[in-house]
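Here's the structure we're looking at; comments come further down.
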Amino acid sequence: APDRILSLTLGEPSPFPNMFDESEFQALLRRRLGFEEAFLLAKRKNPEAAVRQFLNVMVGADVLDQLPSSSREAMLDNASTLPRINEHYFESPSPSRVRLKRLETPCLLISGEFSPKLSFIVNQKLSRRLPNSQDVTLSSTSHGLHIENPDGFNQIVDSFLAGLQPQLSKHWSIQHD
């Protein structure tokens, strides 16, 4: 129940289809087709082609060979997870616009500075619909923002939670009485 949630932090949430108008939704569908190609390549046990296609759709360019070797290895090692991502990324349950507007829970929305454009669009749309939200960009990171800059990520979350301290203290004193 929303009245039991004290705060919510979302790091680049999935695109909820009902938040997009028709032209944006068509662009989202085109992106999904590109992802599905990557997922099929992963299922066919072709990890390099799968990751290359996935990155091409996410970033808009073939950047696999430009990644540091450790990042490249990690991506190739995780290529088998791509089909599962497809099952959930575009199929996340979509909250209604009305329910989002009524949600007064403090929400922190985080994107990485170099994240795909879609991440910024989703966060902007959520920020406009959530009355008590903050939209923050974490510098020098991409989609793996909490991995690429864990100290910066934790600092942003800690700062957000510190701003909620009076609300949290009130809640906990009520809970412990």
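Fair warning: this is a prediction, and the values are worked out from it, not measured in the lab. In what follows, residues are counted from 1 in the order of the sequence shown. We use all heavy atoms of the structure for the numbers below, so side chains are in, but hydrogens, waters and symmetry mates are not.
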Quiz item: Would a hydrophobic clustering, with Ile, Leu, Val, Met, Phe, Trp and Tyr connected at side-chain separations under 4.5 Å, put V57 with L40?
Solution: no
Quiz item: At what distance, to the nearest 0.5 angstrom, does CZ of R32 lie from CZ of F35?
Solution: 10.5 Å
Exercise. Work out which heavy atom in A79 is nearest to a heavy atom in V51; give both atom names and the distance.
Key: CB-CG2, 3.7 Å
Quiz item: Do D65 and R52 touch side chain to side chain, with heavy atoms closer than 4.5 Å?
Solution: yes
Quiz item: Taking everything shown except E113 itself, do over 12 heavy atoms lie less than 6.0 Å from its CD?
Solution: yes
Quiz item: Within the distance-only criterion (no hydrogens, no angle test), does the side chain of K101 pair as donor or acceptor with the backbone N or O of R128 below 3.5 angstrom?
Solution: yes
Quiz item: What is the minimum heavy-atom distance between L82 and A42, and which atoms define it?
Solution: CB-CB, 4.2 Å
Quiz item: S127 and L109: which non-hydrogen atoms are nearest, and at how many Å?
Solution: N-CD1, 3.6 Å
Practice problem: Answer yes when E48 and R72 have at least one side-chain N-carboxylate O distance shorter than 4.0 Å, and no when they do not. | Solution: yes
Quiz item: When rounded to the nearest 0.5 angstrom, what distance separates NE2 in H146 from CG in L138?
Solution: 11.0 Å
Exercise. Of all the heavy-atom pairs spanning A74 and N78, show the shortest one and how long it is.
Key: O-ND2, 2.8 Å
Quiz prompt | Shared hydrophobic cluster for V136 and F114 (ILVMFWY, side-chain gaps under 4.5 Å) | solution = no
Self-check item: Same apolar cluster (I L V M F W Y, side chains within < 4.5 Å links), F120/I110
Solution: no
Quiz item: Rounded to the nearest 0.5 Å, how far does CG of L145 lie from OG1 of T137?
Solution: 10.0 Å
Practice problem: Quick one: pull up OG in S70 and CG in D77 and give me the separation to the nearest 0.5 Å. | Solution: 11.0 Å
Quiz item: Looking at CD1 of I147 and OG1 of T141, how far apart are the two atoms once the value is rounded to the nearest 0.5 Å?
Solution: 11.0 Å
Practice problem: Could you grab the distance from atom CD of Q155 to atom CG of N149, nearest 0.5 Å is fine? | Solution: 8.5 Å
Quiz prompt | Under 3.5 Å side-chain donor-acceptor pair for N123 and S111 | solution = yes
Quiz item: Between L41 and A49, which heavy-atom pair has the shortest distance, and what is it?
Solution: CD1-O, 3.6 Å
